[in-house]
Amino acid sequence: MRWLSIDHGTKKIGLAFSDELEILASPFEVWPQEDERTLDRLARLCKEEGVQALAVGLPRHKDGVESATAPAARAFGEALAVRTGLPVRFVNEHLSSAEAERLLRERGVKPEKRKAMLDAAAAAVILSELLEDRRARGIAPPELD
């Protein structure tokens, strides 16, 4: 199953894709967050890329409680699901940006490039967590949970 993962922000969104076998999560791009225009662009992208499901990062605090920005991420994910007809899964994104920063630093990405790539890398971290959870629960790629 091909997933599109979204690290939702108020100013920009990070995007990542999985392969159809749900083995890899790869950063794609960072887009400006332009509400309706972004939803339209994402709907086209989903169709062009053969996306079958959506993963949207849900901001939570360390204790698991949703943060103040979680309702906006939920609303965005639900609006995209309605627009595309695709199922959406919300994934705890706590520390995804910190993990993405660490991975980019370990790979030797220069600080100025890291900043530009961070949101897409965070989307890939979010998607990796979802894919690992699905494997741990024995969910085969063409199935939804």
Side-chain angles (χ1 to χ4, degrees), residues 1-60 64 66-110 112-145:
M1 177 167 302
R2 185 140 161 92
W3 290 81
L4 170 64
S5 176
I6 301 165
D7 179 31
H8 179 269
T10 57
K11 295 183 180 170
K12 52 190 173 168
I13 61 170
L15 306 172
F17 287 108
S18 75
D19 61 308
E20 291 184 4
L21 296 176
E22 297 185 8
I23 296 168
L24 296 174
S26 303
F28 178 60
E29 292 180 344
V30 176
W31 290 0
Q33 169 51 298
E34 300 170 313
D35 299 315
E36 289 298 316
R37 182 168 187 266
T38 301
L39 288 169
D40 289 341
R41 288 180 71 195
L42 286 170
R44 281 192 306 276
L45 181 68
C46 286
K47 194 171 204 168
E48 291 166 5
E49 294 293 329
V51 171
Q52 296 165 288
L54 306 166
V56 177
L58 192 62
R60 293 184 183 268
E66 291 186 8
S67 76
T69 57
R74 272 193 193 282
F76 187 84
E78 289 165 0
L80 185 57
V82 167
R83 195 163 295 209
T84 61
L86 297 172
V88 62
R89 298 291 175 266
F90 293 96
V91 181
N92 183 355
E93 70 170 30
H94 180 66
L95 298 179
S96 62
S97 292
E99 176 67 8
E101 174 81 26
R102 184 188 67 77
L103 290 170
L104 292 171
R105 192 174 39 251
E106 282 180 2
R107 292 182 182 143
V109 178
K110 294 189 184 332
E112 58 277 3
K113 282 199 137 199
R114 273 200 309 259
K115 184 173 181 172
M117 299 171 62
L118 186 61
D119 293 311
V125 168
I126 292 164
L127 186 52
S128 291
E129 289 179 13
L130 177 125
L131 298 177
E132 286 174 27
D133 179 63
R134 287 173 56 81
R135 280 191 293 274
R137 293 188 300 146
I139 299 172
E143 299 174 24
L144 283 174
D145 53 340

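All figures in this text were calculated on a predicted structure; none of them were measured in a lab. Excluded from the calculations below are hydrogen atoms, water molecules and symmetry mates; all remaining heavy atoms, backbone and side chain alike, are included.
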Trainee: Can you list every salt bridge (Lys or Arg N to Asp or Glu O under 4.0 Å) pair that touches residues 41-54, not counting sequence neighbours?
Mentor: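 Sorted pair list: R2-E49.
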Trainee: For side chain to side chain contact (heavy atoms under 4.5 Å, CB included), just list the numbers for T84 and V51, CA-CA rounded to whole Å, side-chain angles, deciding distance to a tenth of an Å, and then say yes or no.
Mentor: CA-CA 10 Å; T84 61; V51 171; over 6 Å; no
Trainee: May I have all residue pairs that pass ring-ring contact (aromatic ring centres under 6.0 Å, His included) and include part of residues 69-92, sequence neighbours excluded?
Mentor: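 Listed once each, the pairs are H8-F76.
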Trainee: Could you report the tightest heavy-atom contact between V30 and D119, atom names first, then the distance?
Mentor: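 Shortest heavy-atom separation between V30 and D119 comes out as CG2-CB, 3.9 Å.
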Trainee: Holding to side chain to side chain donor-acceptor pair (under 3.5 Å), I want the full list of residues that pass it with S26, two or more places apart in sequence or in another chain.
Mentor: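 By the side chain to side chain donor-acceptor pair (under 3.5 Å) rule, S26 matches no residue at all.
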Trainee: Working to the nearest 0.5 angstrom, can you tell me the gap between L86 CG and L144 CG?
Mentor: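 Going from CG on L86 over to CG on L144, the span is 9.5 Å.
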Trainee: So which heavy atom on L131 is nearest to which on A25, and how close?
Mentor: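 Taking every non-hydrogen atom into account, CD1-CB, 4.3 Å.
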Trainee: Give, for atom CG of D35 and atom OG1 of T10, the distance between the pair rounded to the nearest 0.5 Å.
Mentor: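 With rounding to 0.5 Å, CG (D35) is 10.0 Å from OG1 (T10).
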Trainee: With rounding to the nearest 0.5 angstrom, report the CD1 to CD distance, I126 to E93.
Mentor: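 It comes to 4.5 Å.
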Trainee: Could you state the interatomic distance from CZ (R83) to CG (L42), rounded to the nearest 0.5 Å?
Mentor: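 Answer for the CZ-CG pair, R83 versus L42, is 9.5 Å.
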Trainee: Would you mind reporting whether D133 and V91 have side-chain heavy atoms less than 4.5 Å apart?
Mentor: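 Heavy-atom side-chain distance check fails, nothing below 4.5 Å.
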Trainee: Locate the shortest heavy-atom distance separating I13 from Q33; write the atom from each residue and the value.
Mentor: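 Heavy atoms only, the tightest pair is CG2-NE2, 4.1 Å.
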Trainee: How would you list all residue pairs meeting salt bridge (Lys or Arg N to Asp or Glu O under 4.0 Å) that involve residues 14-29, not counting sequence neighbours?
Mentor: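 For residues 14-29, and leaving out neighbouring residues, the salt bridge (Lys or Arg N to Asp or Glu O under 4.0 Å) pairs sorted by first residue read E22-R134.
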Trainee: To check you understand the geometry: which heavy-atom pair defines the closest contact between A16 and A123, and what is its length?
Mentor: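 In this case the closest contact between A16 and A123 is CB-C, 3.6 Å.
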Trainee: Rounded to the nearest 0.5 Å, how far does CG of L4 lie from CG of L45?
Mentor: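 Going from CG on L45 over to CG on L4, the span is 6.0 Å.
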Trainee: Which atom names give the shortest non-hydrogen contact between L80 and A43, and what distance separates them?
Mentor: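 Looking at all heavy atoms of both residues, the closest pair is CD1-N, 4.1 Å.
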Trainee: Can you check whether D7 reaches V125 side chain to side chain, under 4.5 Å on heavy atoms?
Mentor: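 They are not in side-chain contact.
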Trainee: Determine which pairs satisfy salt bridge (Lys or Arg N to Asp or Glu O under 4.0 Å) with at least one residue from residues 72-81, sequence neighbours left out, and list them in order.
Mentor: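 For residues 72-81, and leaving out neighbouring residues, the salt bridge (Lys or Arg N to Asp or Glu O under 4.0 Å) pairs sorted by first residue read E66-R74.
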Trainee: Heavy atoms only: give me the nearest L58-A73 pair and the separation to one decimal.
Mentor: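 In this case the closest contact between L58 and A73 is CD1-CB, 4.4 Å.
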Trainee: Among residues at least two apart in sequence or on other chains, which ones pass ring pair (Phe, Tyr, Trp, His ring centres under 6.0 Å) with F17?
Mentor: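 With sequence neighbours excluded, F17 shows a ring pair (Phe, Tyr, Trp, His ring centres under 6.0 Å) to F28, given in chain and number order.
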Trainee: Please check if the side chain of T38 supplies one atom and the backbone of P32 the other of a donor-acceptor pair under 3.5 Å.
Mentor: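 At least one qualifying donor-acceptor pair exists.
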Trainee: OG of S18 to CD of Q52: how many Å apart, nearest 0.5 Å?
Mentor: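 Going from OG on S18 over to CD on Q52, the span is 8.0 Å.
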